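Counting begins at 1 with the first residue of the sequence. What you see is a predicted model, and the numbers here were worked out from it, not measured in a lab.
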Amino acid sequence: CCWSCQKCGNHSITVEYNENTCHSCSPEETSNSNHTTCLTTKLHYITPSSTIFLCAAPVIGVCSVAVIVISIVIFRNEERPIIKASDPGYLYMLLFGLLMGMATLR
């Protein structure tokens with residue numbers, strides 16, 4: 001580019017030197033640090049026997065139990081002023097969202 005150079009994004013490259021337009025890489029590729037070529041992205045699959053799964057599964061289980069316990073505490077104390085001020089419907093929705101997020105990680 002002559003006077004108004006623009007950096008290409010993470011998934012785009014410039015084909016020629018000093019070119020002012022960027023070309024996108026395919027969804028399976030990402031650009032190198034110079035944004036001159038597209039590189040194939042290596043996929044990593046998490047299996048039940050992998051270390052990250054074996055470390056994350058107990059944490060997710062404990063957090064899921066904590067969310068359920070907190071939901072029970074809120075349900076039993078719904079008439080308390082602090083719970084009423086916090087809008088129990090919103091709290092249940094937030095806790096349900098956390099529980100669903102943790103369920104997708106399993």
Side-chain angles (χ1 to χ4, degrees):
C1 58
C2 300
W3 52 85
S4 62
C5 295
Q6 296 177 1
K7 286 190 94 173
C8 292
N10 283 341
H11 297 287
S12 57
I13 60 169
T14 54
V15 179
E16 296 179 19
Y17 183 72
N18 285 341
E19 188 178 2
N20 200 20
T21 57
C22 297
H23 302 281
S24 295
C25 296
S26 69
E28 299 86 24
E29 296 177 325
T30 187
S31 60
N32 64 351
S33 59
N34 296 332
H35 298 283
T36 54
T37 59
C38 292
L39 304 171
T40 304
T41 306
K42 185 178 179 185
L43 298 177
H44 298 280
Y45 294 102
I46 298 174
T47 61
S49 61
S50 66
T51 306
I52 193 163
F53 179 82
L54 295 175
C55 293
V59 173
I60 292 169
V62 169
C63 291
S64 297
V65 169
V67 166
I68 292 169
V69 168
I70 291 170
S71 299
I72 291 169
V73 169
I74 290 171
F75 181 74
R76 287 186 176 176
N77 297 304
E78 248 181 4
E79 297 303 317
R80 302 264 175 136
I82 191 75
I83 303 294
K84 281 184 177 181
S86 300
D87 186 16
Y90 177 72
L91 292 174
Y92 291 133
M93 185 175 61
L94 184 66
L95 291 169
F96 181 73
L98 283 171
L99 198 60
M100 289 299 104
M102 285 184 269
T104 59
L105 294 175
R106 287 187 177 180

Practice task
Indicate if Ile60 and Leu99 have the same hydrophobic cluster label, given that clusters are the connected sets of ILVMFWY residues with side-chain heavy-atom separations under 4.5 angstrom.
Solution key: yes

Completion exercise
Of all heavy-atom pairs linking Pro58 and Phe53, the shortest is CD-O, 4.4 Å

Handout entry: Distance in Å, Leu39 CG paired with Asn32 CG, rounded so as to fall on 0.5 Å steps
Key = 5.0 Å

Practice task
Work out which heavy atom in Glu29 is nearest to a heavy atom in Cys38; give both atom names and the distance.
Solution key: OE1-CB, 3.3 Å

Exercise for the section: Grab the two heavy atoms, one from Glu78 and one from Lys84, that are nearest each other, plus how far apart they are. Expected result: O-CG, 3.5 Å

Problem - Exercise: identify the closest heavy-atom pair between Ile83 and Asn77 - result: CG1-O, 3.2 Å

Exercise for the section: Please answer: with hydrophobic residues joined when any side-chain heavy atoms are less than 4.5 Å apart, are Val73 and Phe96 in the same cluster? Expected result: no

Practice task
Following the transitive rule for hydrophobic clusters with a side-chain heavy-atom cut-off under 4.5 Å over Ile, Leu, Val, Met, Phe, Trp and Tyr, establish whether Tyr92 and Ile70 coincide in one cluster.
Solution key: yes

Handout entry: Spacing of CD1 belonging to Ile46 relative to OG1 belonging to Thr51, to within rounding of 0.5 Å
Key = 11.0 Å

Problem - Cys25 to Ser31 - nearest heavy-atom pair and separation - result: SG-N, 4.2 Å

Exercise for the section: Rounded to the nearest 0.5 Å, what's the gap from CZ on Arg76 to OG on Ser71? Could you check? Expected result: 12.0 Å

Problem - Contact check, side chains of Val67 and Cys63, non-hydrogen atoms, under 4.5 Å - result: no

Exercise for the section: Measure across Ser49 and Leu54 and return the closest heavy-atom pair with its distance rounded to 0.1 Å. Expected result: O-CD1, 3.9 Å

Handout entry: Spatial distance of atom CG (Leu43) from atom OG1 (Thr41) [nearest 0.5 Å]
Key = 7.5 Å

